[in-house]
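Fair warning: this is a prediction, and the values are worked out from it, not measured in the lab. The chains referred to below are lettered A, B, ... by the order of the sequence lines, with proteins before strands, and numbering in each begins at 1. All heavy atoms count here, side chains included; hydrogens, waters and symmetry mates do not.
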Amino acid sequence: MDIFDGFPLLSLLIFLPFFGAVFVFLIPQTPGKTEKNIKNTALFIAGCTFMFSLLIWGQFDPSLGSYQFVENKEWLPGLNIRYSLGIDGISLFFVLLTTSLIPLCILGSWESIKHQQKEFLIFLLVLETFILGAFCVLDLLLFYIFFEGTLIPMFLIIGIWGGERRIYAAFKFFFYTLTGSIFMFIAILFLYFKTGTTSIPDLALYPFESSLQVWLWLAFFASFAIKLPMFPFHTWLPEAHVEAPTVGSMILAGILLKMGGYGFLRISLPFFPEASYRFAPYVCGLSIIGIVYASLVALVQRDIKKLIAYSSIAHMGFVTLGIFTFQREGLNGSILQMLSHGVLSSGLFLCVGILYERVHSRDIEAYGGIVSFMPLFSVFFMSLILGAIGLPGTAGFVGEFLVILGTFQVSPLMVVGAGFGIILSAVYMLGLYRKVVFGPVEKIRFQKLKDLSMREGSLLFFFVGCMFWMGLYPNSFIGALHQPISKILEYYGRQQDALVPIFKMKNSIVFNEREL
Amino acid sequence: MGTILRDLLCFIPELTLGGLILIFLGGAVFLKKETQGSVLFGKVMFGVLGMVGILVLLQNLEPLYIFNRLFISDTYTIFVKVLVLSITICIYSFSFSSLKSEKVIGVELYVFILMALLGMFMVIGSNDFLSFYLGMELQNIAFYVLVSFKKDSLKNNEAAIKYFILGVVASGIFLFGASLLYGAVGSLNFQDIGNVLGASTLESSSGIPYALFGAGVGLLFIMVSFLFKVSIVPFHMWAPDVYEGSPLPIVAFLAFAPKVVILSVILRLWALLFSETTVFVASSVLKVFPPMIMGASLLSIIVGTFGAFGQSNIKRFLAYTGISHMGFVVLGISLGNYSGMHAALVYLLSYIIMGIGFFASLGALRYPPGFSRIGIVKDLSDLKGLSKTHPGMSFSLAILMISFAGLPPLIGFFSKLYLLLSLIETGFVGIAILGGLSSVVAAVYYLRIVKDLYFEDAEVSLEVVTPLSFFIPLFLSLGGTVFFCIYAEPVLLYVSILMKMLLGR
């Protein structure tokens with residue numbers, strides 16, 4: 001850490017893609033000639049950003065409980081709102097997820113984006129800047145700016161390069177998220193007015209009155225629950241996924257949804273422990289309903305992308321369930337679940353994209369027996385599907401297992417619901433695989449299908465590799481998560497005496513956190 | 001003698017403008033061909049406006065009362081004058097060639113622009129309702145002529161007559177209010193009114209004093225005419241029709257300059273009469289003013305937002321969005337405290353910065369030759385698919401639209417941020433939520449333009465004219481829109497100094 005003291009590492013990391021986007025913007029565009037240059041430049045920039053984030057990971061000290069690589073500068077005069085950055089274990093992994101996915105997305109879009117490639121890459125890089133910013137900032141207003149900033153590039157990506165109903169999907173995505181965020185915005189302004197600061201570490205220490213906490217918590221919940229998305233607010237997601245281009249779906253499922261979960265961890269839980277505590281049963285209930293409901297809906301989907309979109313909703317149900325158990329296992333599990341889902345779902349969407357490029361259909365019925373022509377693809381697809389089901393040894397297992405472990409300490413009843421969801425996930429995922437990959441070859445045109453190209457193969461190999469790494473050695477992640485999670489749990493230690501246990505399910509419990 | 005000389009020195013920009021108007025009028029007589037003269041004058045105008053700008057900047061920053069306190073000159077008036085002058089220069093710079101394409105060029109145009117400018121300078125500097133009225137009428141008459149400049153167009157004539165009749169009615173209402181005020185208070189000087197009202201409240205603590213009541217009614221009429229000028233609901237009806245009928249550059253001028261001027265006077269009056277520092281408001285008939293104005297501004301936010309929904313004509317669309325943006329500005333003013341007025345001025349500045357870019361880029365978009373319509377683009381749907389033919393232009397339009405919608409990290413977001421923050425500080429959380437939600441609704445139609453630009457296929461392949469005079473205002477505006485988040489400090493500090501000065505803190 002020594003040589004980088006006082007060096008704005010995080011600012012560089014955040015704004016490197018942005019400057020890259022400006023650079024790409026300046027490359028003159030002559031059709032048929034410069035596209036390769038543009039793509040290579042964008043890939044180079046995204047790769048540099050990834051290297052940079054690895055450097056940060058190397059410099060990161062997991063034993064420290066405080067934020068690291070902190071930057072703090074005067075920003076808006078007159079208001080006590082500062083440009084402050086810093087990361088802890090939680091943000092570190094989301095940053096890594098982002099920086100690693102974006103180069104893969106650029107590679108994934110190498111041939112599938114047919115027109116306006118330059119604009120696409122510019123939007124992608126700008127999007128990366130906003131996402132990284134949202135994960136790195138330590139100021140609420142800045143967080144809101146970056147959080148909202150992601151909307152525009154994503155709106156354009158869905159709207160320009162999407163499918164047939166792209167305009168409807170883009171607008172639905174945009175306005176769902178914006179409406180939720182407006183409540184968060186007002187709440188942020190209210191917080192600022194109340195406390196005179198928007199610094200996240202300072203606000204986490206501020207004791208809000210309980211009546212106030214409820215309203216503020218609800219305002220933030222509106223935004224994060226829509227972004228995540230949680231059960232009753234999820235309807236924008238299937239539309240957006242189905243209509244978005246492959247790469248758009250990869251980013252949406254891989255990273256953007258995680259911003260909601262990150263928001264819960266970074267803002268809702270530390271700021272409003274009492275309200276979080278009070279609403280936890282409802283959130284957990286909604287999560288369980290979401291898991292089961294989304295799995296059931298996924299069962300009957302004919303559209304592959306929609307099926308994966310609904311499976312995402314189910315997986316995100318595990319995330320909220322884990323967060324609102326307030327157990328170390330649950331929190332660990334929900335973060336790992338988000339990371340693994342980031343890898344798995346974007347991998348699955350890439351698989352769908354690869355199929356779509358060859359067959360031009362997302363309808364499950366249109367497929368069958370492609371294993372005879374695309375054996376390599378089938379292997380990768382199988383591994384990712386097993387990961388999504390949560391087979392032990394894959395990334396999906398660790399997250400779901402830890403979440404269920406955490407839930408069990410709170411309410412065994414809920415575990416039944418969550419377990420039911422896992423079984424259903426096996427049913428629909430394996431059903432999808434059976435219908436698409438196995439079965440008789442009825443369509444003649446399938447005979448012309450080519451197996452994976454070098455580019456596609458190495459992309460999928462990376463996804464599968466990451467999946468097994470996370471599944472077999474999750475300690476490389478859990479280690480750095482220890483300190484930040486302890487910090488979150490501390491807020492609940494403070495609440496414990498003041499509150500009557502609210503979970504009054506079977507064995508009138510609860511929250512017997514070992515550290516406390 | 002000494003004071004007269006000093007007063008005249010302070011009045012040099014206005015005197016210069018007056019002299020230039022005479023020179024232009026006189027010069028026009030000696031020119032042989034009208035077209036030749038208009039081109040020549042068109043180029044001279046840049047120098048003229050620049051010179052006036054320098055003269056304004058050379059003024060003394062110390063507060064000074066001029067001509068027996070009819071006018072005032074201080075940092076605030078100089079700031080607003082510079083602002084109005086920069087708006088004029090920006091709009092003039094791109095309107096020069098647009099006006100040529102709309103075939104409304106003539107020597108008179110420059111004379112009337114200068115005349116409007118002179119009127120606006122007088123309004124900005126006024127410290128008395130009498131001098132205010134003189135300036136406002138000069139400005140109004142110049143605008144009546146400017147609006148009716150396209151003599152052969154039916155729509156334009158309709159717009160001009162509407163604007164003229166309604167404008168005259170508003171002036172009449174103003175005069176009526178001013179005479180009531182004079183009868184009640186005995187003076188039309190801003191400071192005197194404040195002093196008399198303050199004293200009479202203290203004298204008679206029981207009941208409504210006669211002077212206060214008369215002054216209240218008078219101020220009500222005056223406020224109505226002000227709100228008419230800034231097109232606040234329910235006095236907004238003229239804006240869509242007048243905008244639709246007038247040439248685009250004139251609309252751009254009309255949309256910013258007179259509104260800034262009137263708002264600057266409203267800010268000054270509000271700080272004097274209705275701010276939190278003036279004690280007499282709370283205990284008198286005047287206390288109905290802030291909630292009344294706040295209600296009107298909320299209404300105009302709502303009417304403007306929903307009115308813009310169904311518009312297909314660009315100018316009508318701009319009129320309705322203008323109504324809603326002006327609603328936000330007046331909402332800030334109506335709070336009457338430092339943060340509200342600070343937010344209002346920041347909002348106004350950001351609206352000007354974005355709006356000039358929007359008008360400049362619209363002015364550069366022309367129908368192709370051979371198309372059924374000619375001249376500057378007229379319908380929003382004509383913007384469809386622009387990104388495929390003119391990526392740069394559609395990119396800048398998209399940025400401006402996103403900023404208008406109030407999305408971070410562009411300037412439109414920060415102006416809304418300050419405004420909502422001031423609302424929450426003053427205790428109006430519900431109104432803040434309403435404002436936030438209305439900006440979500442507004443985002444629908446701003447994004448619809450982005451959709452047209454990027455997601456649709458072109459119906460008309462528009463041409464983009466590319467003289468430098470379009471791009472300088474556009475680049476300035478885009479720069480302000482994008483980089484405000486990084487380096488807002490000087491603007492915000494300056495605005496806060498001005499507001500503290502106005503509020504006497």
Side-chain angles (χ1 to χ4, degrees), chain A residues 15 25 29 74-79 81 83 115-116 118-119 122-123 129-130 133 141-153 155-162 166-168 170-171 174-194 198 215 219, chain B residues 338-339 342 346 387-388 391-392 394-395 398-399 401-402 405-410 413-414 416-427 429-430 432-441 443-444 447-448 450-456 484-496:
Chain A
F15 290 105
F25 181 73
Q29 200 173 21
E74 186 76 32
W75 182 41
L76 288 180
L79 303 179
I81 295 173
Y83 172 79
H115 59 100
Q116 289 164 294
K118 183 171 149 181
E119 278 91 343
I122 291 173
F123 293 149
T129 288
F130 283 132
L141 192 77
L142 266 179
F143 175 78
Y144 176 79
I145 288 174
F146 284 116
F147 187 85
E148 284 288 277
T150 57
L151 282 185
I152 292 289
F155 171 74
L156 291 170
I157 286 176
I158 296 177
I160 300 179
W161 294 277
R166 61 210 155 92
I167 294 172
Y168 170 74
F171 269 82
F174 193 92
F175 285 104
Y176 248 86
T177 326
L178 187 64
T179 315
S181 304
I182 281 295
F183 290 107
M184 170 163 88
F185 182 49
I186 304 277
I188 290 174
L189 295 184
F190 193 79
L191 277 179
Y192 173 73
F193 162 66
K194 194 85 187 155
T198 48
W215 290 110
Chain B
Y338 163 73
S339 66
H342 177 262
V346 171
S387 67
K388 284 162 189 111
S394 63
F395 187 66
I399 285 187
M401 285 303 106
I402 292 163
L407 289 165
L410 303 172
F413 167 73
F414 287 94
K416 288 227 165 68
L417 163 74
Y418 278 95
L419 196 78
L420 296 184
L421 196 60
S422 72
L423 278 170
I424 289 174
E425 258 181 46
T426 322
V429 182
I433 292 175
L434 198 71
L437 285 179
S438 84
S439 68
V440 173
V441 175
V444 175
L447 280 173
R448 212 163 50 191
V450 177
K451 180 206 80 173
D452 281 347
L453 289 170
Y454 277 94
F455 303 172
E456 306 274 357
F484 186 82
C485 61
I486 300 170
Y487 194 60
E489 211 170 324
V491 180
L492 293 174
L493 279 180
Y494 200 70
V495 168
S496 78

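You'll find the side chain of B:Leu447 reaches within 4.5 Å of the side chain of A:Phe171, heavy atoms only. Taking 4.5 Å as the limit, some side-chain heavy atom of B:Lys451 sits within range of a side-chain heavy atom of A:Ile167.
Proximity to chain A (any heavy atom under 4.5 Å) is restricted, for B:Leu492, to the side chain, taken from C-beta onward. A:Ile152 touches chain B through its side chain: at least one heavy atom from C-beta onward sits under 4.5 Å away, while N, CA, C and O do not. Within the 4.5 angstrom heavy-atom criterion, no atom of A:Leu142 approaches chain B. Neither the backbone nor the side chain of B:Leu410 comes within contact range of chain A; no heavy atom of the residue lies under 4.5 Å from a heavy atom of that chain. With a 4.5 Å cut-off on non-hydrogen atoms, A:Glu74 does not touch chain B at all. Looking at A:Tyr83, neither its backbone nor its side chain comes within 4.5 Å of chain B, counting heavy atoms on both sides. Using a 4.5 Å cut-off between heavy atoms, B:Val444 contacts chain A through both its backbone and its side chain. Using a 4.5 Å cut-off between heavy atoms, B:Phe414 touches chain A through its side chain atoms alone. In this structure, chain A has heavy atoms under 4.5 Å from both the backbone and the side chain of B:Ile433.
Between A:Gly149 and A:Phe130, the closest heavy-atom pair is O-CD1, 3.4 Å. The two residues A:Gly159 and A:Arg166 make their nearest non-hydrogen contact at O-NH1, 2.7 Å.
The candidate with the highest count of non-hydrogen atom pairs below 4.5 Å against chain A, out of B:Ser496, B:Pro408, B:Ala443, is B:Pro408. Ranked by heavy-atom pairs under 4.5 Å with chain A, the list B:Gly436, B:Gly406, B:Ser439 is led by B:Gly436. Counting heavy-atom pairs closer than 4.5 Å to chain A, the top residue among B:Ile486, B:Val429, B:Leu407 is B:Leu407.
Evaluation of the side chain to side chain contact (heavy atoms under 4.5 Å, CB included) rule for A:Phe25 yields A:Ile122, B:Phe395 as partners, not counting sequence neighbours.
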Hey, mind stepping through B:Phe455 and A:Phe155 against ring pair (Phe, Tyr, Trp, His ring centres under 6.0 Å) and telling me if it holds? CA-CA 11 Å; B:Phe455 303 172; A:Phe155 171 74; 5.3 Å; yes
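Aromatic rings from A:Tyr144 and B:Phe413 are positioned such that their centres are separated by under 6.0 Å.
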Please output the side-chain donor-acceptor pairs of residues 181-190 of chain A that fall under 3.5 Å, not counting sequence neighbours, one pair per line with the distance.
residue: A:Ser181; atom: OG; partner: A:Glu148; partner atom: OE2; Å: 2.7
residue: A:Ser181; atom: OG; partner: A:Thr177; partner atom: O; Å: 2.7

